[in-house]
Amino acid sequence: MDKVEMKPLDNTSVDIVSENKKKLMELFPEVFTEEGIILDKLKSVFGEYVEDKDEFYNFTWNGKDKAFRLSQAQSTGTLRPCKEKSKNWEDTQNLYIEGDNLEVLMLLRKSYYNKVKMIYIDPPYNTGKDFVYKDNYKDNLKNYLELTEQVDEEGNKYSTNSEQNGRYHTDWLNMMYPRLRIARDLLKDDGVIFISIDDNEVHNLRKVCDEIFGEDNFIATIIWEKKFSPQNDAKWLSANHDYVLLYAKNKEIWRPNLLPRTKEQNKRYKNPDDDPRGPWASSDLSVKTYSPEYDFPITTPSGKVIELPAGRCWMTSKDRIQELIEDNRIWFGKNGNNTPRLKRFLSEVKGGITPLTIWYRKDVGDTQTAKKQLLKVMPENVFQTPKVLELIERMLFISTQSKERDIVLDFFSGSATTAHATMKLNAEDGGNRKYIMVQLPEPTDEKSEAYKSGYKNICEIGKERIRRAGDKIIEENKDKEGIEDLDIGFKVFKLDSSNIRKWEADGEDLEDYLKTMVDNFVEGRTEEDILYEVMLKYGIDLTAPIESRNIEGKEVYSIGYGALFVCLDKEITLDIIKGIIDYKDELEPAKTSIIFRDNGFKDSSVKTNALQLLKTNDIDEVLSI
């Protein structure tokens, strides 16, 4: 897309060295190490790649530089809308995208930069049985389109990354690295990412994430109790847990939401002395950190003198303890002669529980729970390794706000448990979270129950699960007020090559080729296909509303209530331009831009006059496609 008139570039910069370093660290944490800034890495961020490097402490592997460059590449593809595969297309704010997640993330980067509140991924664990393929550093989109035909250019079928492969860890790292770098760009400043993993790659994943998100933004390694029964056929120890790595975009900004208190936790609060402040629980008033001024005897109401053993003292001063006694905040027991304890009132404790780093199956379920949950929705037994709804619900609960329209992204979506969990939690707390699911259309095994049931790839399983899960949630909550407003729909998009023709002529058939280039759009593509490509390249949310109006026989589209106007017809006249201006004035957008077909104006004179007319009506950005 060539701009007819360019908008000015903002060249303002901070002139304080410390502020520069702070901003640089926020933007590019990977260029900082224990020794300071890696200048070669900083150059590579801006496209200047240095081959020879001095030795320093860092995490590297064969192909890392190529993976880094791939993470900064621009996609030549697009996402084509598939209304017939969607649910509630006109009303939903949720997205399901079929395609290679690296290419899709590249396409989403402009529209969703700094907009995603939470990312959860359950990537391949690199166990030797995972479905994997190598990214093509020259043309990843072509690579994907070949792979969706289930063979590569040499006719090789999809394969796994076996342990016999000499680049076993390297191939996995090269797959994960560029995807995580782009994922960081999508996160909001107060956003977080959760990544499920096991012992095979947790050590490498931790190092990669330390580099990409910054070691200072590491929150925790969560232990999930995924199994209860021992695996007796295990050669060594029976593994009953997986890990979930948690990183923040900016640890200083992000804080977890507190988990709700349970009935069991509240049971320990009693009110034996009928205190008007309500139930309370007592806690030790002494501490091990010794201070002589806090070591003194306390006389109980019954007259008994309490002295602490050697090495312990009270937690505060004598005067403060006397104030607490007078305020009835010290408990001496029913008969008034016990060692004093501090009363902590339920009404005064914080409104929830700080999340722990160990998540037990009794609280968030296990692998057996996950399988049963999916079978309730899809009894065909179509997916063997789903995640647990409650596991992802907990992540959603502690990292998103119910009323904020927070966006949740899962770019290894599998059976779409994240979408299911998002809808379920929204139904429970009246939330308005939105999801983006991305999944490679990995083919199902011809011997599997999924294939026999008609599901030829994992995307078909994920979409059907969302359809059924949404209907089931509505049915189970039909008596709940406002349940009819729950968003259980999703817009389906599929990764494909651009709708805009590329110049690919050679000398022999140039004349014939020029005839085909009269129309610069790919044959068979619709205006809607082109509109969504425009939105992606222009940086507009794929769920932004699109309206159309016929002006002087030409179709004019308004995207985002007038943030952008698009007219793809030919023979554009000044009357049509005046009609677009009236349309803009009616919608009153704060700022607007217009895109026309490159050869859409009736003649060059009309084009020149049109640009001047638009400019005088406060429309300075006019683009061509």
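Please read all numbers here as calculations on a predicted model, not as lab measurements. Below, all heavy atoms of this structure are taken into account, side chains as well, without hydrogens, waters or symmetry copies.
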Do [X] and [Y] have side-chain heavy atoms sitting under 4.5 Å apart?
X	Y	value
Tyr435	Ile407	no
Tyr96	Ser86	no
Trp359	Met395	yes
Lys343	Ile330	no
Phe412	Pro124	yes
Pro123	Ile195	yes
Trp280	Leu346	no
Ile474	Asn477	no

Identified side chain to side chain donor-acceptor pair (under 3.5 Å) partner of Lys226 from the options Thr369, Asp242, Asp198 = Asp242
Would Arg179 count as a cation-pi partner of Phe411, with NZ or CZ less than 6.0 Å from the six-membered ring centre and within 45° of the ring normal?
-> no
Short side-chain donor-acceptor distance under 3.5 Å, [Y] and [X]:
X	Y	answer
Gln401	Asp406	no
Ser286	Asp284	yes
Glu211	Tyr177	yes
Asn432	Lys434	yes

In Å and rounded to the nearest 0.5 Å, what is the [atom1] to [atom2] distance from [X] to [Y]?
X	Y	atom1	atom2	answer
His203	Ile197	NE2	CD1	10.0 Å
Thr339	Trp331	OG1	CH2	13.5 Å
Met176	Leu102	CE	CG	11.5 Å
Arg181	Ile212	CZ	CD1	7.0 Å
Thr543	Arg405	OG1	CZ	7.5 Å
Leu409	Asn101	CG	CG	9.5 Å

Determine the interplanar angle of the Trp89 and Phe493 rings, folded into 0 to 90°, and report it as parallel if under 30°, tilted if 30 to 60°, perpendicular if over 60°.
-> tilted
Quick check: closest heavy atoms across [X] and [Y], and the distance to 0.1 Å?
X	Y	answer
Thr92	Lys87	CG2-O, 3.8 Å
Ala281	Arg268	CB-O, 3.8 Å
Ile182	Ser71	CG1-O, 3.6 Å
Lys115	Ser111	NZ-O, 3.0 Å
Arg433	Asn94	O-OD1, 4.4 Å
Glu98	Val492	OE2-CG1, 4.1 Å

Please determine which of Asp410, Asp122, Asp366 meets the salt bridge (Lys or Arg N to Asp or Glu O under 4.0 Å) test together with Lys387.
-> Asp122
Ser302 and Asn337: side-chain hydrogen bond (donor to acceptor under 3.5 Å, both in side chains), yes or no, with the steps?
-> CA-CA 5 Å; Ser302 65; Asn337 62 353; 4.7 Å; no
Could you check Val244, Leu259, Val388 and say which one makes a side chain to side chain contact (heavy atoms under 4.5 Å, CB included) with Arg394?
-> Leu259
Among Asp189, Asp185, Leu186, find the one that has a side chain to side chain contact (heavy atoms under 4.5 Å, CB included) with Asn114.
-> Asp189
One thing to verify: whether [Y] and [X] come together as a salt bridge, which I'm taking to mean a side-chain N less than 4.0 angstrom from a carboxylate O.
X	Y	answer
Asp210	Arg206	yes
Glu348	Arg344	no
Glu380	Arg468	yes
Lys478	Glu475	yes
Glu404	Lys117	no

Run the side-chain contact (heavy atoms from CB on, under 4.5 Å) check on Ser402 and Phe397 step by step: do they pass?
-> CA-CA 8 Å; Ser402 62; Phe397 189 91; over 6 Å; no
Main chain of [Y], side chain of [X]: is a donor-acceptor contact present, judged purely on distance under 3.5 Å?
X	Y	answer
Asn88	Asp91	no
Trp314	Phe296	yes
Gln265	Thr262	yes
Arg361	Glu225	no

Evaluate the side-chain hydrogen bond (donor to acceptor under 3.5 Å, both in side chains) criterion for residues Gln384 and Lys371: first the C-alpha distance (whole Å), next the side-chain angles of each, then the deciding distance (0.1 Å), finally the verdict.
-> CA-CA 7 Å; Gln384 303 307 308; Lys371 195 71 182 295; 3.1 Å; yes
Stepwise side-chain hydrogen bond (donor to acceptor under 3.5 Å, both in side chains) test for Glu201 and Asn204 | CA-CA 5 Å; Glu201 295 291 355; Asn204 286 328; 2.8 Å; yes
Ile436/Ile97 under side-chain contact (heavy atoms from CB on, under 4.5 Å): CA gap, chis, key distance, verdict | CA-CA 7 Å; Ile436 302 174; Ile97 304 174; 4.1 Å; yes
Could you go step by step and tell me if Arg255 and Asp190 meet the salt bridge (charged side-chain N to carboxylate O under 4.0 Å, His left out) rule?
-> CA-CA 8 Å; Arg255 292 293 182 273; Asp190 60 349; over 6 Å; no
Could you go step by step and tell me if Asp199 and Tyr243 meet the side-chain hydrogen bond (donor to acceptor under 3.5 Å, both in side chains) rule?
-> CA-CA 8 Å; Asp199 281 308; Tyr243 305 100; 2.8 Å; yes
Is it true that atom CZ of Phe59 has more than 12 heavy atoms of other residues, nucleotides or ligands lying nearer than 6.0 Å?
-> yes
Stepwise ring-ring contact (aromatic ring centres under 6.0 Å, His included) check, Tyr247 with Phe218 | CA-CA 5 Å; Tyr247 281 79; Phe218 169 72; 5.3 Å; yes
Derivation and outcome, side-chain contact (heavy atoms from CB on, under 4.5 Å), residues Met118 and Phe194 = CA-CA 8 Å; Met118 184 196 109; Phe194 295 85; 4.0 Å; yes
Kindly determine whether Glu547 and Tyr561 satisfy side-chain contact (heavy atoms from CB on, under 4.5 Å), including the steps that lead there.
-> CA-CA 8 Å; Glu547 298 174 347; Tyr561 304 108; 4.2 Å; yes
